[in-house]
Undergrad: 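Sharing a structure, written as structure tokens. Questions coming.
Keep in mind it's a predicted model, so treat the numbers as computed, not measured. Residues: numbered from 1 along the sequence shown.
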Amino acid sequence: MALAILARRRAAEAVARRAHAPGAAALSAWRAYAAAAAAEESDVVVVGGGPGGYVAAIKAAQLGLKTTCIEKRGTLGGTCLNVGCIPSKALLHSSHMYHEAKTSFAHHGVKISNLEVDLPAMMAQKDKAVAGLTKGIEGLFKKNKVTYVKGFGKLTSPSEVSVDLVDGGNTVVKGKNIIIATGSDVKSLPGITIDEKKIVSSTGALCLSGIPKKMVVIGAGYIGLEMGSVWNHLGTEVTVVEFAPDIVPSMDGEIRKQFQRMLQKQKMKFMLKTKVVGVDTSGDGVKLTLEPAAGGGQSTLEADIVLVSAGRTPYTAGLGLDAIGVEMDKAGRILVDKRFMTNVNGVYAIGDAIPGPMLAHKAEEDGVACVEFLAGKEGHVDYDLVPGVVYTHPEVASVGKTEEQVKASGIPYRVGKFPLMANSRAKAIDDAEGMVKVVADKETDKILGVHIMAQNAGEIIHEAVLALQYGASSEDVARICHAHPTVSEALKEACLQTHSKAIHI
């Protein structure tokens with residue numbers, strides 16, 4: 001059977017190569033291959049090819065399990081790679097380069113005349129990065145012998161998935177174990193219709209055809225601040241409207257306040273404790289009607305583009321889960337046990353589709369742990385030590401508990417802080433905005449949380465993740481020799497300040 005499937009696949013590839021465009025013969029060959037691949041039962045069928053899904057599929061294959069992955073987009077990588085993490089970080093970097101050239105290069109003796117933004121070129125670079133990475137995952141599938149089916153999958157039983165193929169037609173994929181890894185979708189707001197033209201989601205904000213003069217971002221979470229930062233750096237007047245009294249409510253309070261001051265310094269505006277009660281798109285732009293979150297007098301705010309960034313919601317509707325009895329909570333998240341199995345034997349779920357942080361790296365760890373259980377091994381994810389990063393400039397990264405959480409728990413604690421202004425590398429490159437903050441148990445000196453606002457904080461945070469994972473004390477980290485000059489020395493100094501006294505302040 002396996003040889004027959006391989007023969008059909010090679011025949012399909014040959015037809016596709018000969019075709020200058022997807023003709024009937026090529027499509028027919030690909031459908032025949034998909035049908036043949038589905039005919040043989042897999043050990044693992046993964047529904048969804050995002051970070052959780054494709055990683056689960058590759059790991060399952062590496063563990064010797066016959067694996068099939070179904071992805072509706074026709075390109076692998078899910079939201080993260082196609083319209084999320086990767087393209088947004090590409091634009092964040094490109095926009096930061098322009099911002100630096102405009103505001104900082106002269107201080108370093110680099111003078112540029114006639115500086116301008118070539119938005120199509122910037123978007124092309126982003127798209128090239130995305131295309132290269134998606135093709136790279138397809139290459140990993142081939143290398144690890146993962147069968148890839150392009151289409152929308154719907155469970156018809158605990159062991160069968162009906163797939164409406166991207167190129168037309170339908171096939172049924174059979175599996176001893178099915179993993180739901182369908183990720184999440186943009187959360188909408190009542191009374192606000194996202195048309196991806198005037199009112200956009202993060203997806204639309206990644207592919208605007210021009211630089212808007214004014215943009216309103218509804219929601220001051222990770223995604224809203226990142227996308228707002230992109231367009232702010234390119235010259236857009238950005239106003240962030242947030243219902244809550246603070247930006248990024250999960251962030252350490254002291255870091256959050258300094259972060260907001262930094263964004264305001266970059267000319268982003270904030271309207272906190274404010275709600276949107278009306279939207280008018282009848283004119284050339286968008287007119288928002290606002291009022292205080294607690295109620296009160298109304299005001300209006302106009303923009304060319306409105307970005308709705310109020311969070312994400314699990315993508316679990318329309319998958320046939322209700323029909324086979326899979327339990328979900330009121331938010332649409334699939335309920336699973338410690339081995340990621342649902343209440344239906346043989347059906348599992350990971351990533352954004354289940355409770356927990358909606359982060360690509362969390363989904364990846366879920367996927368690996370889930371298939372390790374299926375392969376008879378032990379899997380584990382420590383959800384208390386999942387790092388979070390906001391990829392603005394400077395970045396903000398954290399792991400473990402905030403000072404507010406430690407204080408609420410009643411644990412006696414100490415705090416050590418070190419400003420980037422006192423870090424030699426940060427000063428040398430004229431990028432010294434931020435700080436490192438360490439929270440440790442007062443009695444044992446065990447590190448409980450680390451919070452960093454600095455350039456490349458998302459890279460530095462992993463030293464802290466390792467420290468917390470292995471129960472290190474602040475003195476342990478402080479006594480580790482750090483290369484000089486590096487921004488990472490700020491973490492060492494913050495740990496020195498936590499258990500005794502920093503050297504450079």
Side-chain angles (χ1 to χ4, degrees), residues 88-123 125-126 129 211-215 217 225-240 247-248 251 254-270 389-397 417-437 451-461 482-494 497 502-505:
S88 66
K89 302 323 170 262
L91 288 184
L92 278 160
H93 180 67
S94 296
S95 63
H96 174 63
M97 291 176 70
Y98 170 74
H99 181 71
E100 284 288 279
K102 185 177 180 180
T103 62
S104 302
F105 276 18
H107 298 297
H108 295 271
V110 180
K111 295 184 178 180
I112 299 176
S113 59
N114 301 319
L115 181 68
E116 62 180 7
V117 177
D118 185 343
L119 190 60
M122 191 177 289
M123 292 295 180
Q125 190 280 330
K126 171 207 66 171
I211 300 173
K213 185 176 180 181
K214 293 183 179 181
M215 172 183 282
V217 179
L225 295 180
E226 287 181 359
M227 293 312 304
S229 181
V230 166
W231 296 105
N232 175 62
H233 280 170
L234 294 178
T236 300
E237 181 183 314
V238 176
T239 302
V240 180
I247 67 171
V248 199
M251 192 179 288
E254 186 175 11
I255 297 291
R256 181 200 307 129
K257 290 177 182 177
Q258 185 167 343
F259 182 36
Q260 183 177 336
R261 285 195 296 269
M262 181 273 295
L263 293 174
Q264 289 172 324
K265 187 177 178 181
Q266 294 179 10
K267 298 184 179 180
M268 285 180 68
K269 300 176 182 179
F270 292 87
V389 185
V390 185
Y391 293 92
T392 50
H393 191 93
E395 296 175 350
V396 182
K417 292 177 283 188
F418 190 81
L420 265 291
M421 287 293 292
N423 175 264
S424 57
R425 177 67 183 277
K427 287 291 290 182
I429 63 176
D430 192 25
D431 198 354
E433 186 91 45
M435 65 183 290
V436 178
K437 179 176 180 177
H451 311 278
I452 305 172
M453 186 175 116
Q455 53 141 333
N456 294 326
E459 307 294 338
I460 301 170
I461 196 64
H482 287 63
H484 174 80
T486 60
V487 179
S488 294
E489 288 178 283
L491 176 58
K492 173 189 174 76
E493 292 271 8
Q497 184 71 1
I503 299 296
H504 291 94
I505 53 173

Undergrad: Against Lys437, only a single residue in Gln258, Gln497, Glu254 fulfils side-chain contact (heavy atoms from CB on, under 4.5 Å); can you say which?
TA: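 In the set Gln258, Gln497, Glu254, the residue that makes a side-chain contact (heavy atoms from CB on, under 4.5 Å) with Lys437 is Glu254.
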
Undergrad: Side chain to side chain contact (heavy atoms under 4.5 Å, CB included) between Met453 and Glu433: does it pass, once the steps are laid out?
TA: CA-CA 8 Å; Met453 186 175 116; Glu433 186 91 45; 4.0 Å; yes

Undergrad: Could you check if a side-chain atom of Ile112 sits within less than 4.5 angstrom of a side-chain atom of Lys102, using non-hydrogen atoms only?
TA: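 Sidechains of Lys102 and Ile112: no contact.
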
Undergrad: Distance check, rounded to the nearest 0.5 Å: Lys126 atom NZ versus Ser94 atom OG?
TA: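 These two atoms lie 10.0 Å from each other.
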
Undergrad: Knowing that exactly one of Thr239, Ile247, Val238 qualifies, which makes a side-chain contact (heavy atoms from CB on, under 4.5 Å) with Phe270?
TA: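 It is Ile247, the one option of Thr239, Ile247, Val238 that forms the side-chain contact (heavy atoms from CB on, under 4.5 Å) with Phe270.
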
Undergrad: Which heavy-atom pair separates Glu226 from Thr392 by the least distance, and what is that distance?
TA: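 Heavy-atom minimum between the residues: CA-CG2, 4.2 Å.
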
Undergrad: Would you name the heavy atoms of Ala432 and Leu420 that are closest together and state the gap between them?
TA: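 Smallest interatomic distance, heavy atoms only, reads O-CB, 3.4 Å.
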
Undergrad: Describe, in one word, how the ring planes of His96 and His393 are oriented to each other, choosing from parallel (under 30°), tilted (30 to 60°) and perpendicular (over 60°).
TA: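 Correct class here is parallel.
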
Undergrad: How many angstroms lie between OG1 in Thr236 and NZ in Lys267, if you round to the nearest 0.5 Å?
TA: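 Output value for this atom pair is 13.0 Å.
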
Undergrad: Checking the side chain of Asn456 only, and the main-chain atoms of Glu459 only, is there a donor and an acceptor separated by less than 3.5 Å?
TA: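 Here the side-chain-to-backbone pair does not exist.
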
Undergrad: Checking Val390 against Phe259 for the side chain to side chain contact (heavy atoms under 4.5 Å, CB included) test, could you report, in this order, the C-alpha distance in whole Å, the side-chain angles of both residues, the deciding distance, and whether it holds?
TA: CA-CA 10 Å; Val390 185; Phe259 182 36; 3.9 Å; yes

Undergrad: Can you measure from CG (Asp431) to CD (Gln455) and round to the nearest 0.5 angstrom?
TA: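 Asp431 atom CG to Gln455 atom CD measures 4.5 Å (nearest 0.5 Å).
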
Undergrad: Could you tell me if the side chain of His93 sits less than 4.5 Å from the side chain of Met97, heavy atoms only?
TA: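 Side chain of Met97 against side chain of His93, heavy atoms only: contact under 4.5 Å found.
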
Undergrad: Grab the two heavy atoms, one from Arg425 and one from Pro485, that are nearest each other, plus how far apart they are.
TA: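 Distance-wise, the nearest heavy atoms are NH1-O, 3.5 Å.
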
Undergrad: Step by step, would you call His233 with Gln266 a side-chain hydrogen bond (donor to acceptor under 3.5 Å, both in side chains)?
TA: CA-CA 8 Å; His233 280 170; Gln266 294 179 10; 3.0 Å; yes

Undergrad: If you round to the nearest 0.5 Å, how far is OH of Tyr98 from CG of Asp118?
TA: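 Answer for the CG-OH pair, Asp118 versus Tyr98, is 12.0 Å.
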
Undergrad: Search all heavy atoms of Trp231 against all heavy atoms of Pro212 and return the closest pair with its distance.
TA: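 Closest approach of Trp231 to Pro212, heavy atoms only: CE3-CD, 3.9 Å.
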
Undergrad: State whether the side chain of Glu395 and the backbone N or O of Gly458 hold a donor-acceptor pair below 3.5 Å, judged by distance alone.
TA: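 Yes; judged by distance alone, with no hydrogens or angles, the pair exists.
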
Undergrad: Taking the side chain from Glu237 and the backbone from Lys214, do they hold a donor-acceptor pair closer than 3.5 Å?
TA: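 Between the backbone of Lys214 and the side chain of Glu237 there is no qualifying donor-acceptor contact (under 3.5 Å).
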
Undergrad: Closest approach of Thr103 and His99, non-hydrogen atoms and distance?
TA: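 Looking at all heavy atoms of both residues, the shortest contact is OG1-O, 2.7 Å.
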
Undergrad: What I'd like to find out is whether the side chain of Val230 reaches to under 4.5 Å of the side chain of Ser88, using heavy atoms alone.
TA: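 When only atoms from C-beta onward are counted, Ser88 and Val230 do not touch, as no gap falls below 4.5 Å.
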
Undergrad: Drop me the distance from Ile452's CD1 to Ile460's CD1, to the nearest 0.5 angstrom.
TA: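 Interatomic distance, Ile452 CD1 to Ile460 CD1, rounded to 0.5 Å: 5.5 Å.
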
Undergrad: Check whether any side-chain N or O of Gln260 sits under 3.5 Å from a backbone N or O of Lys257 as a donor-acceptor pair, and report yes or no.
TA: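 Judged by distance alone, no pair lies under 3.5 Å.
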
Undergrad: Counting only heavy atoms not in Lys89, do more than 12 sit closer than 6.0 Å to its NZ atom?
TA: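 Atom NZ in Lys89 is packed in, count exceeds 12.
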
Undergrad: Where do Ser488 and His482 come nearest, in terms of heavy atoms and distance?
TA: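 It is O-CD2, 3.7 Å.
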
Undergrad: With a 3.5 Å distance limit and no angle check, can you tell me whether Glu493 reaches the backbone of Ile503 through a side-chain donor-acceptor pair?
TA: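 Yes; judged by distance alone, with no hydrogens or angles, the pair exists.
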
Undergrad: At what distance, to the nearest 0.5 angstrom, does CZ of Phe418 lie from CE of Met435?
TA: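 With rounding to 0.5 Å, CZ (Phe418) is 11.0 Å from CE (Met435).
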
Undergrad: Under the side chain to side chain contact (heavy atoms under 4.5 Å, CB included) criterion, do Met227 and Val217 qualify, and how do the steps go?
TA: CA-CA 9 Å; Met227 293 312 304; Val217 179; over 6 Å; no

Undergrad: Before giving the answer on side chain to side chain contact (heavy atoms under 4.5 Å, CB included), spell out for Leu91 and Met123 the whole-Å C-alpha distance, their side-chain angles and the decisive distance to 0.1 Å.
TA: CA-CA 8 Å; Leu91 288 184; Met123 292 295 180; 4.1 Å; yes

